[in-house]
2 protein chains.
Amino acid sequence: MTTIRGARARARIEVTAAIKDEARRQLAAEGAAKLSLRAVARELGMVSSALYRYFPSRDELLTALIVDAYDAVGATAESAIAPPAAPAPTARWLALCRAVRAWALAHPHEYALIYGSPVPGYTAPRDTVAPAARVGAALISIARDAHRSGGLALPSLAEEIRPEAHRLTATLAPDLPPAAVVALVAAWSQLFGLISFEVFGQFNRLVEDRDAFFDEAVARLAHETGLGAHPAGALPGSRAGSRSGG
Amino acid sequence: MTTIRGARARARIEVTAAIKDEARRQLAAEGAAKLSLRAVARELGMVSSALYRYFPSRDELLTALIVDAYDAVGATAESAIAPPAAPAPTARWLALCRAVRAWALAHPHEYALIYGSPVPGYTAPRDTVAPAARVGAALISIARDAHRSGGLALPSLAEEIRPEAHRLTATLAPDLPPAAVVALVAAWSQLFGLISFEVFGQFNRLVEDRDAFFDEAVARLAHETGLGAHPAGALPGSRAGSRSGG
DNA sequence: GTCTATAACGAGATAGAC
DNA sequence: GTCTATCTCGTTATAGAC
């Protein structure tokens, strides 16, 4: 009967979630390298072999955590720029960056899992590729909007980067100018450089007002990406007065 | 006698170096979280208790590795911009960035140790602060030279960042304009964002010509920092009048 | 079919007695 | 320094409950 199947399915979903929750707890406490199926099982009152009904190996459990983390930060980024968010590209850019940063600060261990050092002995399977691309795709959609409304201002590219620029454009956004795609990929990695330095402690005892510093740096990044002008002070901040890019 | 003392000191240095070498090997194989004094000792044919004569704890061994790594990348950065390197700020900036990236790609595990996820359960002691600052100090010295020769072109700062900007300036480089210091700290973190994405695999199956991409991104960063004009022409909307060029 | 429990493997870490 | 007894781990085989 469907009720029985439904009950079983529900139980399975609940146990799977409990396993991942406990695994995340261990991630925070001991790090991904020491994630242990046995410890997870013990903490849940199960026997280790029972876990194999849910995750065929330790690596698959890790993969599930990684996919969940990418999906969480990706969903955060997407909802930060979804309507009815502010329509101006610079405002959406800032909203996305702030949302990703907030997620990272709220989930530092999951952030470390996906954007920190690789886990020794673990190689990511294909399953992680699509979730990992969501933040980048959200960035691209901002650039696309800006481009459609004529708000993308970019320099021509140096000779040496042109072949790579065309590859990236074909892969990521054939409708955008290659210069924009290169700038976007660079800004993408630099955004996570800012966040990683804060989450991983490089700003300790150096940067105090990290909200303000992040906003400033990210506004500069937007400008570098051609998204909008950044002359003194006209930043779309918590107050009104945001800008249109043209 | 001094000869005996000298021989003992030499032996101590050699053993210390051997321990760190073996520890680095384990770092690469198993990750920092699983670094084990016992395993190091076994591999060296020593007994674990003997190691404690050289490093009083696992954490102190980790600290030594971290300090070594910071010193290595710091020395690399410094020698990349030391005379008789090219004098133009943009050229020195590019040289520094390339050198740091090359070091990171050649020593990915040591890079991960210092710029990747924090090691669970380990908190860095004061000893790491000074070595960790060397790359940043090298970046500052480039900006200082550019500023002295009138080659730093920067926008005025937004209201919200000014207090932080003055704190940073007082801490890092009181002789530089606050806008330059803020831009420098941002560029510093963004440079390592670029490198981390490459070293940690985020560019896999995405960026092919990574040399070209890195050079392009780092040239943009230099421009954002006020160091010089972008190779393929000025970015639109940029405040004018930078450069002497190189 | 779906799940959990028992037991075991080979490998490695660990604590303490000697 | 050495040795041993006792832990941990991932993983598998198997048996039985629902």
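Chain naming here is simple, since letters A, B, ... match the order of the sequence lines and numbering starts at 1 in each. All of these numbers come straight from a predicted model, not from anything done at the bench.
With salt bridges taken as basic N to acidic carboxylate O contacts below 4.0 Å, one links A/D215 and A/R98. Ion pair A/D211/A/R101 flagged as a salt bridge, since at least one NZ, NE, NH1 or NH2 atom sits closer than 4.0 Å to an Asp/Glu carboxylate oxygen.
Residue contacts for A/S49: at a heavy-atom cut-off of 4.0 Å it reaches a base atom on one of the strands shown. Residue A/F55 is classed as having no contact, given no heavy-atom separation below 4.0 Å to the nucleic acid.
No more than 12 heavy-atom neighbours from other residues, nucleotides or ligands sit within 6.0 angstrom of CZ on B/R53.
Looking at residues two or more places apart in sequence or on another chain, you find a ring pair (Phe, Tyr, Trp, His ring centres under 6.0 Å) between B/Y111 and B/Y115, B/F200.
Taking atom CD of residue A/E14 and atom P of nucleotide C/dT4, one finds them 12 Å apart after rounding to whole Å. The distance from atom CD of B/E43 to atom P of C/dA13 is 10 Å, rounded to the nearest whole Å. Counting to the nearest Å, the C1' atom of D/dT12 and the CG atom of A/L51 are 14 Å from each other.
Nearest to the side chain of B/V47, among C/dA5, C/dC3, D/dG1, sits D/dG1. Distance from the side chain of A/M46 is smallest for C/dT4 among the nucleotides C/dT4, C/dC3, C/dA7.
Listed pair A/Y52 / D/dT11 meets the phosphate criterion, a side-chain N or O lying under 4.0 Å from OP1 or OP2. OP1 or OP2 of C/dC3 sits under 4.0 Å from a side-chain N or O of A/R12.
Across the interface with DNA chain D, nearest-nucleotide mapping of B/A50 and A/R53 shows B/A50 to be the residue nearer the 5′ end.
Although no hydrogens or angles enter the test, the distance criterion places a donor-acceptor pair under 3.5 Å between the side chain of B/W93 and the main chain of B/V218. Distance alone, capped at 3.5 Å, is enough to place a donor-acceptor pair between the A/Q202 side chain and the B/I114 backbone.
A heavy-atom distance below 4.0 Å to DNA chain D is reached by none of the residues of residues 21-42 of chain B.
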